[in-house]
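Okay, so here's the structure we're looking at.
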Amino acid sequence: MAGSLTLDPSQLARAGGQRGRQSRWLRWLLLRLGGVVFVLWAVASVTFFALRLIPGDPAEAILGGPGSQASEEALAQARAHYGLDQPLATQYLVYLGRLAIGDLGSSYALRQSVVSVIGDTLGPTLVLAVLSLAAAVLIALTLAVWSTRGGRGAAALGSTLEIVAAAVPHFWLAISLILVFSTTLGWLPPVSVPGVAGLVLPVLTLAVPLAGFLGQVMREALLDAMESPFVLAARARGEGEGGLFWRHALRHAAIPAVGLVGWAFGSLISGAVVVETIFARQGLGRSLLSAVQSRDVPLVIGVVLVVALGYMLVTTLTDLADRLIDPRLNRRAQQA
Amino acid sequence: MVRRLGPLEVAAVATIALLALAALAPGVLAPGDPLAIDPLSSFESPSFAHPFGTDESGRDIYTRVVHGTGASLLIGLAATAIGIGLALAFGLLAGFGPRWLDFGTTRVIEVLFAFPGLLFALLFIVVYGPGVVTSTIAVGLSTAPGYARIIRSQVIRVRTSPYLEAATVLGRGRTARIVRHVLPNVAGALFVLATLGIGQSIVWASSLSYLGLGAVPPAAEWGAMLSAGRTYIASFWWMTFFPGLFIVLSAAATTLLGRSLQQNVRAS
């Protein structure tokens, strides 16, 4: 009985530390969430007001552009239906209010709700992006490891390969891959078909340029890490070169690469616009392009917001991952 | 001290020199007329007479690619200049202005980052319509936030340096400090950034042209040639392959040069 009431001071201190750490994480999380909400609001507002700058009558755009010669009544009806006859401030507030409950309006061109269009296309694009990111990391890591451990020749060849890969435009790579693997060899379909075979070329197209960028950063970080004091210390402790490389240096190479994932997400989405168009694959990128071409304002806003949300989620998660990989970041925050 | 150039850097410099020659005096490398049509020899595959083949109107693709160099490089250069110019203004405002301005510009950059990749460019094109000028500005705008973040940190590095403190103590005004101390000290980093960025700008601008949102045919510009060749990809690959190859060459060569400059700056 008595024993359970006495508290071990060291235990108390540990519990306090635990709570301190928890509240620090909580504060970090709340700050990040606040940042996400702020950026989303700003993106929504920028998009809303930017698209008001489009010359011409939005009601006309809804009814099929200037060539449609819509009657005055039809225009008035469209204006009333989409709330375009209200003052701008009212329109903005209504728009924000609808966004808050997840209503993105309906597409002018597809006569379908934007949410359902995005719901249909988001999945295929995410599959493409995640597979491409994984492939890119695999290629980049292989290149980086091979070129840092393979001597001078490998280093020069590796860095050239990375720079050339990073300089290749998606559309050109896609055309070249189709030329080799579909037209000449006939191994893979030139357009996206359901199943694995239809995914190989689109994924490769997106992965190779990204791998070029990631590889450059990873190799630099690997070289830096191999020369850093902690690797020297580990070497002095008698760890083998292999252990040094895989256990210590590689972890450090992961830090800048993880930091780049947010950027990589953006590059994958831009790439998806091109790749989905070339391979005739359903997805967010292709919907965005057709929305841009037909000036389908609600759909453009919807896709932009979804991409911005995805970007914010990815960067928040990578910040979190950064803190888990690199404890120094937490300690630095503690001192500040 | 400038390091001795390796074989790769020599190749990059030679490629850039050739591209510059093609841009400034295309007639030297390809004496023909890039717009001369010859319907009888349309869609010819690469041969001795037409090393890169011919397009749908029988125009020689080699001649068109060479004559398109100037416009294509100009678009890349202009987009990079727009991006870096904007970013410099942002970076100076953030690094030199009052605290609230730094806070404000940093938030603006953060918001712009949430339009990743070509997203901002596409939004810009929705508003202002497709075309060479809009797509160039669009690419410049979408690269600006990335540059701005780097330039801001450079400006802050200079601002907190002892020599700038000395200049402040000596009573130099803000403009004089920016012109005499900050700009020369960030110029090196800016130059490297620009060299690394040109390749990316060329690739992005040509991607927009390929999607039909940038330069339009029959201009002898690489992106426009790609856009025209898009219809014939399946049967006449050379129409898109060769202009694309030149985009890869110019982007890779400028990036290689940028990397090597970066290493020199770091080493010195």
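Order of the sequence lines sets the chain letters (A, B, ...), proteins ahead of strands, with each chain counted from 1.
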Q: Measure the spacing between CG of B:L208 and CZ of A:F171 and express it to the nearest 0.5 Å.
A: 9.5 Å

Q.
Between B:L118 and A:V273, is the side chain to side chain contact (heavy atoms under 4.5 Å, CB included) condition met? List the steps.
A. CA-CA 9 Å; B:L118 282 176; A:V273 175; over 6 Å; no

Q: Starting from the C-alpha separation in whole Å, work towards a yes-or-no answer on side chain to side chain contact (heavy atoms under 4.5 Å, CB included) for A:F38 and B:R107.
A: CA-CA 9 Å; A:F38 163 76; B:R107 292 292 90 73; 3.9 Å; yes

Q.
Taking the six-membered ring for Trp, are B:F241 and A:W172 closer than 6.0 Å centroid to centroid?
A. yes

Q.
Is A:I301 in contact with chain B via its backbone, its side chain, both, or neither, using a 4.5 Å heavy-atom distance?
A. neither

Q) What's the spacing between B:L256 CG and A:E162 CD if we round to 0.5 Å? A) 11.0 Å

Q.
Once rounded to the nearest 0.5 Å, what's the spacing between atom CZ of B:F115 and atom OG of A:S270?
A. 13.0 Å

Q: Heavy atoms only, distances under 4.5 angstrom: which of B:L249, B:T255, B:L211 has the most pairs with chain A? Name it, please.
A: B:L211

Q. Most heavy-atom pairs under 4.5 angstrom with chain A, which of B:I247, B:L245, B:V126?
A. B:V126

Q. Can you check side chain to side chain contact (heavy atoms under 4.5 Å, CB included) on A:Y311 and B:F113, steps first, answer last?
A. CA-CA 9 Å; A:Y311 175 80; B:F113 260 108; 3.6 Å; yes

Q: Might you point out which heavy atoms bring B:V203 and A:A167 nearest each other, and give the distance in Å?
A: CG2-O, 3.4 Å

Q. Around atom CZ of A:F48, are there more than 12 heavy atoms of other residues, nucleotides or ligands at under 6.0 Å?
A. yes

Q) Taking atom CG of B:L122 and atom CD of A:Q293, what is their separation to the nearest 0.5 Å? A) 9.5 Å

(Q) Once rounded to the nearest 0.5 Å, what's the spacing between atom CD1 of A:I269 and atom CG of B:L119? (A) 8.5 Å

Q: Could you check which of A:V168, A:V43, A:V164, A:V39 has the highest count of heavy-atom pairs closer than 4.5 Å to chain B?
A: A:V43

**Q.** Interchain contact, A:I278 with chain B, by part (heavy-atom threshold 4.5 Å)
**A.** side chain

Q. Can you say whether A:V297 sits under 4.5 Å from chain B via the side chain, the backbone, both, or neither, judging by heavy atoms?
A. neither

Q: Measure B:L213 against the heavy atoms of chain A and call it side chain, backbone, both or neither at under 4.5 Å.
A: side chain

Q.
Report which part of B:I202 has an atom under 4.5 Å of a heavy atom belonging to chain A: side chain, backbone, both, or neither.
A. neither

**Q.** Nearest heavy-atom neighbours spanning B:A252 and A:I163
**A.** O-CG2, 3.7 Å

Q) If you measure from CD1 on A:I175 to CE on B:M239, what distance do you get to the nearest 0.5 Å? A) 11.0 Å

